[in-house]
Participant: 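Take this structure, written in structure tokens, and hold onto it; I'll ask about it next.
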Protein chains: 4
Amino acid sequence: MPKVSQTHRDNRKRQILDAAIECFARQGFQRTGMEDIIRESNLSTGAIYSYFQSKDQIIEVLADERHDREKHLVQDALTAEGWPECLHLLISRFCDSLQESRERKERRLGIHLWAEALCNPKVLRIIRRGVNQPLELLSRAIGKAQGDGHLRKEIDSNTAARVLIALFHGFVLQQAWDEHADVAAFTKAVQAMVDAYFSAVSKGRPVKIRELRSR
Amino acid sequence: MPKVSQTHRDNRKRQILDAAIECFARQGFQRTGMEDIIRESNLSTGAIYSYFQSKDQIIEVLADERHDREKHLVQDALTAEGWPECLHLLISRFCDSLQESRERKERRLGIHLWAEALCNPKVLRIIRRGVNQPLELLSRAIGKAQGDGHLRKEIDSNTAARVLIALFHGFVLQQAWDEHADVAAFTKAVQAMVDAYFSAVSKGRPVKIRELRSR
Amino acid sequence: MPKVSQTHRDNRKRQILDAAIECFARQGFQRTGMEDIIRESNLSTGAIYSYFQSKDQIIEVLADERHDREKHLVQDALTAEGWPECLHLLISRFCDSLQESRERKERRLGIHLWAEALCNPKVLRIIRRGVNQPLELLSRAIGKAQGDGHLRKEIDSNTAARVLIALFHGFVLQQAWDEHADVAAFTKAVQAMVDAYFSAVSKGRPVKIRELRSR
Amino acid sequence: MPKVSQTHRDNRKRQILDAAIECFARQGFQRTGMEDIIRESNLSTGAIYSYFQSKDQIIEVLADERHDREKHLVQDALTAEGWPECLHLLISRFCDSLQESRERKERRLGIHLWAEALCNPKVLRIIRRGVNQPLELLSRAIGKAQGDGHLRKEIDSNTAARVLIALFHGFVLQQAWDEHADVAAFTKAVQAMVDAYFSAVSKGRPVKIRELRSR
DNA sequence: AATGAATGAGGCTTCATTCAT
DNA sequence: TATGAATGAAGCCTCATTCAT
């Protein structure tokens with residue numbers, strides 16, 4: 001039989017991956033059988049296995065995809081000019097994405113990947129890249145803003161980046177557990193908090209914890 | 001053996017739960033077989049099943065325990081007097097806990113529970129309680145601080161609480177993926193950010209989002 | 001501790017056997033766990049095992065009991081004087097017993113024993129005795145009636161006994177499957193049939209099948 | 001393997017059912033493990049479960065099959081013309097079947113089903129149908145014979161049918177417990193008894209039970 | 001004697017993967 | 001290439017029985 005075109009193969013692969021996303025997002029890895037993916041993708045067992053070596057490999061590919069997406073989201077946001085703009089763009093880009101149904105589905109899948117990473121070395125490696133690359137991008141951007149004098153120097157850019165990512169991830173969880181979580185309110189609060197943090201006492205020295213305490 | 005004391009039963013239960021925590025934290029729910037828990041607990045199959053009805057029930061009990069712990073952590077912190085103290089205590093309590101090995105293990109388990117909640121209604125219910133109760137406690141504390149004039153009124157107490165929780169959860173993830181994540185730096189940054197947020201523009205009016213955006 | 005009296009032991013044994021009858025009749029052997037018998041008997045695991053060596057042994061003892069009862073039922077009926085009286089007494093004794101709730105329960109148990117006998121040599125031996133002894137008693141009684149001139153000689157006493165027993169067993173099944181089966185009607189029909197059979201053409205030669213066919 | 005024909009599927013199903021009959025007839029339901037059926041059928045665990053959902057379902061299907069066979073046996077016999085012919089055909093058909101090894105095996109299985117019915121609602125329903133349908137067929141046939149003047153009207157057709165079925169079932173038991181039970185003798189006796197019953201006192205009035213009792 | 005906690009072999013079933021067609 | 005029937009290891013759990021107290 002004739003070899004099928006690469007495009008055809010790609011389409012099939014997508015078909016499988018989309019089916020897998022659907023199933024995994026809904027039921028997690030354990031509860032999703034290959035049979036579910038097969039049914040959802042309208043393909044046959046054999047077909048699936050001619051595109052992916054195993055269920056685990058599908059998971060790994062999906063992890064890779066998510067990581068790519070995350071990186072691009074950060075990358076895109078950081079193309080904006082000027083400091084606070086970058087940050088605001090990032091926050092809104094991120095938060096906006098939580099409103100789209102497709103993205104929400106993938107975020108659920110993402111959570112399963114976060115847990116999977118804890119006991120699957122391959123996935124852990126992918127997740128680490130998926131967190132570290134955005135982290136570095138962000139960290140570098142913050143560093144640059146500091147260099148440009150838009151930001152207090154006392155802030156450790158790396159840690160600041162971590163905090164931002166933590167905020168995002170943390171909210172992804174809350175939204176997954178309660179789909180009515182108020183994204184807009186959260187967005188606003190994060191914007192405010194981050195602004196306050198980055199701009200606090202920009203005129204002189206940073207606020208010291210002790211001072212705050214005794215106020 | 002004849003009737004044993006309640007203490008004995010409790011000890012056995014703990015033995016099983018601890019074994020389960022060990023296994024689940026290390027390998028997740030799927031990869032942990034009852035056999036693993038049996039081996040780790042030094043008990044027999046039957047013994048386990050005379051204390052718990054099923055693997056799922058063990059998971060649920062562990063979820064309940066985590067939720068309780070989380071609530072108590074928040075409750076304890078909020079017993080401090082005065083506003084910023086409460087908050088700082090909470091942050092340090094939380095971050096300190098991430099340094100203890102036992103707690104780290106349980107946090108890993110916690111992440112597995114977060115994912116499990118997405119496709120296990122019972123666990124979801126438990127997790128929701130486990131998030132909502134601390135959220136309310138925190139929210140109420142913030143509200144009280146606002147009432148006492150220690151905090152800007154523009155902040156929505158509920159959302160602020162959400163943001164804090166998100167920060168914590170988000171960092172738990174980072175630490176799980178990279179056990180060398182710098183807890184101290186994170187702690188400091190969170191303290192600073194939160195202080196900045198809650199006290200921002202205390203000298204005049206709060207920064208408005210619109211202003212920030214258009215800057 | 002003091003050795004308990006034989007009476008006490010007997011009572012305990014009965015307690016266990018009654019509990020077992022209850023459970024086995026209701027749920028069969030497989031579905032009845034030792035735990036069920038323990039609960040129903042209000043004794044402890046250990047107690048049960050100090051009176052019986054195993055679940056199988058309980059079954060065997062119960063089989064023995066049933067067999068005894070069955071034998072006595074036949075024996076008692078055959079004490080009547082004169083031929084048809086014996087038979088009628090037997091039939092009514094048997095059918096009457098099907099009206100009592102206790103007996104019905106034991107009959108259900110009996111059915112389980114019938115099946116058990118097919119794959120449990122010990123029970124098979126007991127059941128065989130339980131069928132053969134009544135069979136012989138009956139057969140001998142029929143033979144005697146023939147000798148006394150009350151019955152046609154052409155009838156094979158052994159087979160006739162078999163037929164009677166088959167009628168009884170067969171109806172026990174029907175009643176077990178449908179507790180509203182009409183015992184009275186069945187009794188009457190059996191009486192009539194048996195009478196017809198035993199007395200048919202008592203004046204001369206037996207009816208030949210061929211004749212019946214061509215009539 | 002690619003899609004296989006329906007015939008192939010049917011053959012496989014039969015293969016499994018035959019293996020199950022073999023095992024169940026020999027050892028009963030409890031003592032037969034899926035492993036036994038798997039070995040006996042020369043298939044794999046998975047194969048079995050792709051044809052049947054559970055061990056219980058196999059039992060139910062077998063119960064259905066038996067019920068069908070039983071019904072057909074009666075139906076076929078009742079196609080004969082004329083009254084006593086029908087009956088004699090039925091009796092010989094039934095008794096002949098007890099001579100075939102295959103049928104004897106299935107009869108053993110049948111006994112296990114009779115017991116199973118007592119504590120398995122699904123099987124009970126099937127067994128009831130399996131008894132009631134032949135019962136009705138027979139009852140109707142007897143009624144018709146009465147209408148045609150071939151039979152005494154005093155007989156309750158329904159009860160008479162019950163008696164016949166009871167005779168058959170009862171003998172199935174005896175044969176299962178003692179494979180040397182004399183089928184031919186039993187057959188003859190049943191034929192005679194039934195003939196005597198149905199034609200008794202055809203010369204005058206039927207014998208009344210009361211008379212028999214008081215004789 | 002009595003208790004009931006503990007044991008662990010064995011039961012039923014699932015499901016990722018293979019491979020004949 | 002594509003199909004889906006077949007495989008069988010491994011999983012969760014039950015339950016008759018034992019034995020320390």
Side-chain angles (χ1 to χ4, degrees), chain A residues 1-4 8-9 12 29-39 43-58, chain B residues 1-5 8-9 12 29-38 42-58, chain C residues 1-5 8-9 12 29-39 43-58, chain D residues 1-5 8-9 12 29-38 41-58:
Chain A
M1 291 174 202
K3 200 159 201 165
V4 295
H8 181 257
R9 283 191 65 82
R12 280 261 183 283
F29 300 128
Q30 141 119 41
R31 286 169 174 75
T32 296
M34 287 305 274
E35 209 195 313
D36 296 305
I37 299 177
I38 289 157
R39 201 183 312 113
L43 289 172
S44 66
T45 318
I48 304 263
Y49 277 90
S50 79
Y51 289 99
F52 296 95
Q53 284 163 26
S54 66
K55 187 179 175 182
D56 275 357
Q57 205 204 17
I58 296 180
Chain B
M1 293 172 200
K3 201 162 205 155
V4 296
S5 65
H8 179 259
R9 282 192 65 80
R12 279 260 182 285
F29 300 127
Q30 138 125 59
R31 286 169 171 78
T32 296
M34 285 309 277
E35 209 195 316
D36 297 305
I37 298 177
I38 289 157
N42 289 315
L43 288 172
S44 64
T45 321
I48 304 269
Y49 280 91
S50 83
Y51 288 98
F52 297 96
Q53 285 164 25
S54 65
K55 187 180 174 181
D56 274 359
Q57 206 207 10
I58 296 181
Chain C
M1 291 176 202
K3 201 158 197 164
V4 295
S5 71
H8 181 256
R9 282 191 65 82
R12 280 258 183 283
F29 300 128
Q30 141 116 38
R31 287 168 172 77
T32 296
M34 286 307 273
E35 210 195 313
D36 297 304
I37 299 177
I38 289 157
R39 200 184 311 112
L43 289 172
S44 66
T45 318
I48 304 264
Y49 277 90
S50 79
Y51 290 99
F52 297 96
Q53 284 163 28
S54 65
K55 187 179 175 181
D56 274 358
Q57 205 204 16
I58 295 180
Chain D
M1 293 172 200
K3 200 160 205 154
V4 296
S5 66
H8 179 260
R9 283 193 65 81
R12 278 259 183 284
F29 300 128
Q30 138 125 54
R31 287 169 170 78
T32 297
M34 285 308 277
E35 209 193 318
D36 297 305
I37 299 178
I38 288 156
S41 67
N42 289 314
L43 288 172
S44 64
T45 321
I48 305 269
Y49 279 90
S50 84
Y51 288 98
F52 297 96
Q53 285 163 27
S54 65
K55 186 180 174 180
D56 274 358
Q57 206 207 10
I58 295 180

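Side chains included, hydrogens not; waters and symmetry mates left out as well; all remaining heavy atoms used. To find a chain, count down the sequence lines: A is the first, B the second, and so on, and within it residues start at 1. This structure is a prediction, so every number in the text was calculated from the model and none was measured.
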Participant: With sequence neighbours excluded, tell me which residues meet side-chain contact (heavy atoms from CB on, under 4.5 Å) with B/Arg31.
Facilitator: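 Partners of B/Arg31 by the side-chain contact (heavy atoms from CB on, under 4.5 Å) criterion, ordered by chain and then number, come out as A/Glu116, A/Cys119, A/Asn120, B/Gln27.
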Participant: What parts of residues 46-57 of chain D reach DNA chain F, counting only heavy atoms under 4.0 Å away?
Facilitator: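 Per residue number, the list reads D/Gly46, D/Ala47, D/Tyr51.
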Participant: For the pair made of CZ in B/Phe29 and P in F/dG11, what is the distance, rounded to whole Å?
Facilitator: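 Rounded to the whole Å, the gap is 17 Å.
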Participant: Find the distance C/Arg39:CZ to F/dC15:C1' and express it as a whole number of Å.
Facilitator: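 It works out to 13 Å between those atoms.
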Participant: Under 3.5 Å, is there a donor-acceptor pair between the side chain of A/Ser50 and the main chain of A/Ala47?
Facilitator: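 Pair found, side chain donor or acceptor close to backbone of A/Ala47.
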Participant: May I have the distance from B/Glu35 (atom CD) to E/dT7 (atom P), rounded to whole angstrom?
Facilitator: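 Atom CD in B/Glu35 sits about 15 Å away from atom P in E/dT7.
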Participant: So, is C/Arg12 close to the E/dA1 phosphate, meaning a side-chain N or O under 4.0 Å from OP1 or OP2?
Facilitator: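 No, no such contact exists.
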Participant: State which residues pass side-chain contact (heavy atoms from CB on, under 4.5 Å) with A/Tyr51; sequence neighbours excluded, sorted by chain then number.
Facilitator: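 Result, side-chain contact (heavy atoms from CB on, under 4.5 Å) vs A/Tyr51: A/His8, A/Arg9, A/Arg12, A/Lys13, A/Ile16.
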Participant: Can you give the dot-bracket line for DNA chain E, using ( ) for pairs inside the strand, [ ] for pairs that cross earlier ones, | for pairs with another strand and . for unpaired bases, where Watson-Crick and G-U count if both distances are under 3.5 Å?
Facilitator: .||||||||||||||||||||
Participant: Within this structure, what is the CG-to-P distance between D/Asp36 and E/dG11, rounded to whole angstrom?
Facilitator: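 Answer to the nearest Å: 8 Å.
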Participant: Once you round it to whole Å, what is the distance between P of F/dG4 and CZ of D/Arg9?
Facilitator: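 One finds 12 Å between P of F/dG4 and CZ of D/Arg9, rounded.
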Participant: Are OP1 or OP2 of E/dT3 and a side-chain N or O of C/Ser44 less than 4.0 angstrom apart?
Facilitator: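 So the side chain of C/Ser44 is within the cut-off, an N or O lying under 4.0 Å from OP1 or OP2 of E/dT3.
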Participant: What integer distance in Å separates A/Gln30:CD from E/dT14:P?
Facilitator: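 Atom CD in A/Gln30 sits about 13 Å away from atom P in E/dT14.
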Participant: Applying side-chain contact (heavy atoms from CB on, under 4.5 Å), can you list everything that pairs with B/Gln57, at least two apart in sequence or on another chain?
Facilitator: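 Counting only residues at least two positions away or on another chain, B/Gln57 forms a side-chain contact (heavy atoms from CB on, under 4.5 Å) with B/Phe52, B/Gln53, B/Ser54, B/Glu60.
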Participant: Quick one: does C/Ile48's side chain get under 4.5 Å of C/Ile58's, heavy atoms only?
Facilitator: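 Yes - at least one pair of side-chain heavy atoms lies under 4.5 Å apart.
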Participant: Please figure out whether D/Met34 or A/Met34 has its closest DNA chain E nucleotide nearer the 5' end.
Facilitator: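 Its nearest nucleotide being more 5', the pick is D/Met34.
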Participant: Measure from the side-chain N and O atoms of A/Lys55 to the backbone N and O of A/Gly33, and report whether any donor-acceptor pair falls under 3.5 Å.
Facilitator: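 Such a contact is absent between A/Lys55 side chain and A/Gly33 backbone.
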Participant: Could you tell me whether a side-chain N or O of D/Ser41 sits under 3.5 Å from a main-chain N or O of D/Ile38, the two making a donor and an acceptor?
Facilitator: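 At least one qualifying donor-acceptor pair exists.
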Participant: For DNA chain F, whose closest nucleotide is more 5', that of D/Thr45 or that of C/Thr32?
Facilitator: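 Closest to the 5' end, via its nearest nucleotide, is D/Thr45.
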Participant: Are any of C/Arg31's side-chain N or O atoms less than 4.0 Å away from OP1 or OP2 of F/dC15?
Facilitator: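 False: C/Arg31 side-chain N/O out of range (4.0 Å or more) of F/dC15 OP1/OP2.
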Participant: Measure from CD1 on B/Ile38 to C1' on E/dT7 and round the result to the nearest Å.
Facilitator: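 Checked: the CD1 to C1' distance equals 11 Å.
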Participant: Over how many whole Å does the gap from D/Leu43 atom CG to F/dA5 atom C1' extend?
Facilitator: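 The answer, rounded to whole Å, is 11 Å.
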Participant: So, does B/His8 get its side chain near the phosphate of E/dA6, meaning an N or O under 4.0 Å from OP1 or OP2?
Facilitator: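 For E/dA6, OP1 or OP2 has a side-chain N or O of B/His8 closer than 4.0 Å.
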